[in-house]
Peer 1: 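Before anything else, here's the structure in question.
Protein chains get the first letters and strands the later ones, always in sequence-line order, with residue 1 at the start of each.
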Amino acid sequence: MAARFFGVIMSEAIIQFEHFGFQYRAQSEPTLYDINLSVRRGETVLIAGPSGCGKSTLAHCINGLIPFSYRGEMSGSLRIAGKETKEQSIFEISRHVGTVLQDPDGQFIGLTVAEDIAFALENDCVQEPELHARVLRAAKLVDVEDHLAHAPNEISGGQKQRVSLAGVLVDDVDVLLFDEPLANLDPATGKAAIELIEQMRQETGAAVIIIEHRLEDVLHRDVDRIVLMGAGRILADTTPDALLSGSWLRDSGIREPLYLTALRYAGVEIRADMAPRSIRTLRLSEDEKAQVRAWFSALPPAPERAARSPLLQADSLRFAYPGKDHDTLKGISLTVNEGELLAIVGRNGAGKSTFSKVVCGFETQQQGSLRFRGEDMADLSIKERADRIGYVMQNPNQMISKVMIFDEVALGLRTRGVAEDEVRRRVEETLKICGLWPFRSWPISALSFGQKKRVTIAAILVLEPDMIILDEPTAGQDYRHYTEIMEFLLTLRKRGITIAMITHDMHLMLEYAERALVFSRGRIIADTDCADVLTDRSIIEEANLKETSLYALASLCAIEDGRGFVRRFIDHERKELRP
Amino acid sequence: MTNIFNYIDRPSPIHRLTGATKLICLLLWSFAAMSTYDTRLLVLLVVLSLLLFRISKIRIADVRFMLGFTAVFMLLNNLLVFLFSPQHGVELYGTRHVLFSLGGNYVITKEQLFYHLNLFLKYLASIPVVLLFVCTTNPSEFAASLNRIGVKYSIAYSVALALRYIPDIQREYHEISQAQQARGIEMSKKESLFRRLKSASAILIPLILSSMDRIEVISNAMELRCFGKNKKRSWYMARPFTKWDWLAMSGSLLLLIAAFALNILNGSRFWSPFL
């Protein structure tokens, strides 16, 4: 009875899970087991965990999509605003919980910004003049009031996300739920998104729940608690400082912030009282700083890049889309060297994808030239270029057109009229290289997202190109899958294939790329070492990137050569991961 | 926005009418133009529609493509009517004034020419109004208008969603087709029809799969924001009717009544000057 009474006093909790479990109807095992979690208004909670740990299912339970859209068996109790969710409708739950989904484009419902923000109000039959007034108020809150009449393709990804947020802020919700808010944003926009989320929490007093595996980026602003999930259970529910000083993250395959990895390499023990939650709050004793300095000076200087012969050369490429009054590429000159792994970075719309389309022959430049091994590519058709340079799209579902893996990989050879014996030989060899051999007789639909990605890469590799361009090779992947894909790309490079990746992921670039090409407004503003890019303020600002926390760590430890510190760290980590 | 509506934002009294008014007027007007062959009324409709076109500030150049398209269609229609039934006018009007003969059944009569004139006028009376609707109705207002004339809002909204997503899907189709061409899928006219159909599946299957993902996201997003909660919903882009809306609708209704009245007076849908 006393516990019951206490529960009522504590019922400030807007969300209360008690011994909650859930099993999807089509699955033989539950996805969530014995979840106990409570969230109060005004709190910020980060839910992290590897793919398949149940964090999205947990989110669906909170916003009511479970049980109303996704059917299954619930056990235990989940109360939102004091009421069991199974006794409410999804509409009732939506009054308390506002959800911002992962894909800012896909969830944009209205034809214009204003209509999208108004959507929930319209469904609630809110009449004029209240309707327009509330839309304007919400738009002002997230700073999109100048774009009310714009269509979704006239605004940026970050602005779309703001619109989605405004769309849930039109109602006074108690919980703001964000499902991987950083997934589709460039680093600087992601940073701004986290700042905006914190600002909204302060202004509305709502509870904020963020589901994200990019821990370091979310921790840019203070978070009250991190709930770490694994295999359908809550593994830890504690403060960021406590979580980061434990071994939970490494055990469950979530990437820890880079500055902490560096500290551990230097032999510094990470304790909760150092406030390790952010590089801004981190406190190190003089001894510990000296430890980092000693580690740094003991590391050998990063090796210089080996000289390589040029493979692809672009010379003053100029390109404008038909009907657009400005050039998307304003004179791009660059060289890709044989056997290199390079990153192409920069904000959305900077011309990265357009550049790869011109290289592949999907679009034709108005000016400038492209040479491959010294040969002018102007007369090569799309198909002929594809024999030299393969292009892998971001979403594997956009490329897969066959039911069986073998047929999908064989497609490019068969359309080229290669004899069936030869097709079999080359497909089998490629499947082995790509680690798909055990699955060769599987239907593609049975594969995971990462495996599908491999199939699409295999389908390109089978044509034996000298170079492949990958658009966001690891988008939406957790650390384990991310590492898997990237290690696979490294094995390809060992076989002599040149790889260019278009990416927003600064970790990816630092860790794997030898060189970065930074695009901004149709020009290349930097072509240098990744460590140089992520330590140069002007490039970072111009290209919407984000400074690496390693650099801040170096200055915290009074290491003058911050750039050298970043370089040596990467070099050390590569050896550490791949001895 | 890739604009299948071809909405041209150029302030005019026609633009200021609500979408619902324009939709109702379009329906009444075209029904009037369809129901009668009374040349006097058709001429009136033609004059009025050209006048409206003037008021709307839409220029011929804006709609040149659609005009050309309908002109071809109209000529084809007239030609086929003449080829298949050169004596249609005689049957309709019950008189026969031969002008000259082209041999065989192909005798040119005043009745036939008059019938063709009426066909021509019908096109001329209705096409400008359709173009006006298309060019002066903000696509955002369209769903609200449909709902206002009694179409269920879930159906009306699906029209709005189609308008929202068609450009996205077009872009995706383009991207997929480029990537598939790189793998050797030939889409050019050099290939046989059969092979091109086979190639199309290499683009359509990925397009359908990724559209399925899209549909799941959008339907979740809509449900989470209470779509379908009530029997009714309000519309951000809906505007109240003004006296001009009522005037326009009454005018269109009068024209339809006139068409019916003339049909009754004439005893049939055809008015004949030959009797």
Peer 1: Taking it one step at a time, do B:Ser210 and A:Gln398 satisfy side-chain hydrogen bond (donor to acceptor under 3.5 Å, both in side chains)?
Peer 2: CA-CA 6 Å; B:Ser210 55; A:Gln398 287 185 319; 5.1 Å; no
Peer 1: Sort out for me which of A:Gly64, A:Pro152, A:Cys360, A:Ala118 touches chain B most, counting heavy-atom pairs under 4.5 Å.
Peer 2: A:Pro152
Peer 1: Between B:Ile176, B:Asp213, B:Val217, B:Ile208, which residue shows the highest count of heavy-atom pairs closer than 4.5 Å to chain A?
Peer 2: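 Most pairs with chain A among the choices: B:Ile176.
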Peer 1: Working to the nearest 0.5 Å, report the span between CH2 of B:Trp235 and CG of A:Leu121.
Peer 2: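 These two atoms lie 14.0 Å from each other.
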Peer 1: Heavy-atom distance under 4.5 Å to chain A: side chain of B:Leu224, backbone, both or neither?
Peer 2: both
Peer 1: Counting heavy-atom pairs closer than 4.5 Å to chain A, which one of B:Met222, B:Arg214, B:Gln180, B:Arg171 comes out on top?
Peer 2: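 Sorted descending by pairs with chain A, the first entry is B:Met222.
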Peer 1: Around atom CZ of B:Arg54, are there more than 12 heavy atoms from other residues, nucleotides or ligands closer than 6.0 Å?
Peer 2: no
Peer 1: Are there over 12 heavy-atom neighbours, none belonging to B:Phe69, within less than 6.0 Å of that residue's CZ?
Peer 2: no
Peer 1: Give, for atom OH of B:Tyr236 and atom CD of A:Glu122, the distance between the pair rounded to the nearest 0.5 Å.
Peer 2: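 One finds 9.5 Å between OH of B:Tyr236 and CD of A:Glu122.
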Peer 1: Which residue out of A:Val392, A:Leu413, A:Ile93, A:Val126 racks up the most heavy-atom pairs below 4.5 Å with chain B?
Peer 2: A:Val126
Peer 1: Between A:Glu92 and B:Lys229, is any pair of side-chain heavy atoms under 4.5 Å apart?
Peer 2: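 No, every pair of side-chain atoms sits at 4.5 Å or beyond.
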Peer 1: Find the one option among A:Cys125, A:Ala120, A:Pro396 whose heavy-atom pairs under 4.5 Å with chain B are most numerous.
Peer 2: A:Cys125
Peer 1: Taking side chain as C-beta onward, heavy atoms only, is B:Arg239 less than 4.5 Å from A:Glu128?
Peer 2: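 The answer is no; the side chains never approach within 4.5 Å.
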Peer 1: What part of A:Lys357 is in contact with chain B, defined as an atom under 4.5 angstrom from a non-hydrogen atom: side chain, backbone, both or neither?
Peer 2: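 Side chain only.
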Peer 1: Is a donor on one side and an acceptor on the other found under 3.5 Å between the side chain of B:Arg164 and the backbone of A:Phe108?
Peer 2: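 Yes; judged by distance alone, with no hydrogens or angles, the pair exists.
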Peer 1: Decide if atom CZ of B:Phe65 counts as having more than 12 heavy atoms of other residues, nucleotides or ligands within a radius under 6.0 Å.
Peer 2: no
Peer 1: Who among A:Ile109, A:Leu131, A:Thr415 has the most heavy-atom pairs with chain B under 4.5 Å?
Peer 2: A:Ile109
Peer 1: Using a 6.0 Å cut-off, check whether atom CG of A:Asp407 has over 12 heavy atoms from anything other than its own residue.
Peer 2: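 Above 12, so yes.
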Peer 1: Looking at B:Ala160, B:Ala202, B:Cys226, B:Ala143, which has the largest count of heavy-atom pairs under 4.5 Å with chain A?
Peer 2: B:Cys226
Peer 1: Would you kindly say whether B:Ser234 and A:Gln127 are connected by a side-chain donor-acceptor distance under 3.5 Å?
Peer 2: no
Peer 1: Would you mind checking which part of B:Glu216 comes under 4.5 Å of any heavy atom in chain A, side chain (CB onward), backbone (N, CA, C, O), both or neither?
Peer 2: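 Contact with chain A involves the side chain of B:Glu216 alone.
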Peer 1: When only pairs under 4.5 Å are counted, which of A:Val100, A:Asp103, A:Asn395, A:Asp124 shares the most heavy-atom pairs with chain B?
Peer 2: A:Asp124
Peer 1: What part of A:Asp387 gets closer than 4.5 Å to chain B, counting heavy atoms only: side chain, backbone, both or neither?
Peer 2: neither
Peer 1: Just checking, is any N or O donor in the side chain of B:Asn230 or A:Asn123 under 3.5 Å from an acceptor N or O on the other one?
Peer 2: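 Note: B:Asn230 and A:Asn123 side chains miss the donor-acceptor criterion.
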Peer 1: Any side-chain heavy-atom pair from A:Asn153 and B:Asp168 closer than 4.5 angstrom?
Peer 2: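 Not in contact.
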Peer 1: What distance do A:Tyr391 atom OH and B:Gln181 atom CD have between them, rounded to the nearest 0.5 Å?
Peer 2: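 Those atoms lie 13.5 Å apart.
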Peer 1: Taking CE in B:Met212 as the centre, count heavy atoms belonging to other residues, nucleotides or ligands within less than 6.0 Å. Is the count above 12?
Peer 2: no
Peer 1: Has the side chain of B:Arg225 got a donor or acceptor atom that lies under 3.5 Å from a matching backbone atom of A:Asp116?
Peer 2: yes
Peer 1: Among A:Lys383, A:Arg414, A:Glu408, which residue meets the side-chain contact (heavy atoms from CB on, under 4.5 Å) test with B:Arg183?
Peer 2: A:Glu408
Peer 1: Below 4.5 Å from any heavy atom of chain B, which atoms of A:Ile117 appear? Answer side chain, backbone, both or neither.
Peer 2: backbone
Peer 1: Under 3.5 Å, side chain of B:Glu223 to main-chain N/O of A:Ser69, donor-acceptor pair present?
Peer 2: no
Peer 1: I want to check something: taking the side chain as every heavy atom from C-beta on, are B:Pro206 and A:Asn397 in contact at a cut-off of under 4.5 Å?
Peer 2: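 No. Closest side-chain heavy atoms not under 4.5 Å.
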Peer 1: Could you have a look at A:Leu463, A:Ile460, A:Val135, A:Val97 and say which one has the most heavy-atom pairs with chain B under 4.5 angstrom?
Peer 2: A:Val135
Peer 1: Can A:Tyr70 and B:Asn220 be counted as having a side-chain donor-acceptor contact under 3.5 angstrom?
Peer 2: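 Short answer, yes.
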Peer 1: Within the distance-only criterion (no hydrogens, no angle test), does the side chain of A:Ser401 pair as donor or acceptor with the backbone N or O of B:Ile205 below 3.5 angstrom?
Peer 2: no
Peer 1: So for A:Arg95, is it side chain, backbone, both, or neither that comes closer than 4.5 Å to the heavy atoms of chain B?
Peer 2: side chain
Peer 1: Please step through ring pair (Phe, Tyr, Trp, His ring centres under 6.0 Å) for the pair A:Phe119 and B:Tyr157, ending with a clear verdict.
Peer 2: CA-CA 11 Å; A:Phe119 190 72; B:Tyr157 210 90; 5.4 Å; yes
Peer 1: For each of B:Ala238, B:Ser201, B:Gly228, tally heavy-atom pairs with chain A at distances under 4.5 Å, and name the one with the top tally.
Peer 2: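 Looking at each of B:Ala238, B:Ser201, B:Gly228 in turn, B:Gly228 comes out on top.
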Peer 1: Which answer fits A:Ile90, side chain, backbone, both or neither, if we ask what part of it has an atom under 4.5 Å from a heavy atom of chain B?
Peer 2: side chain
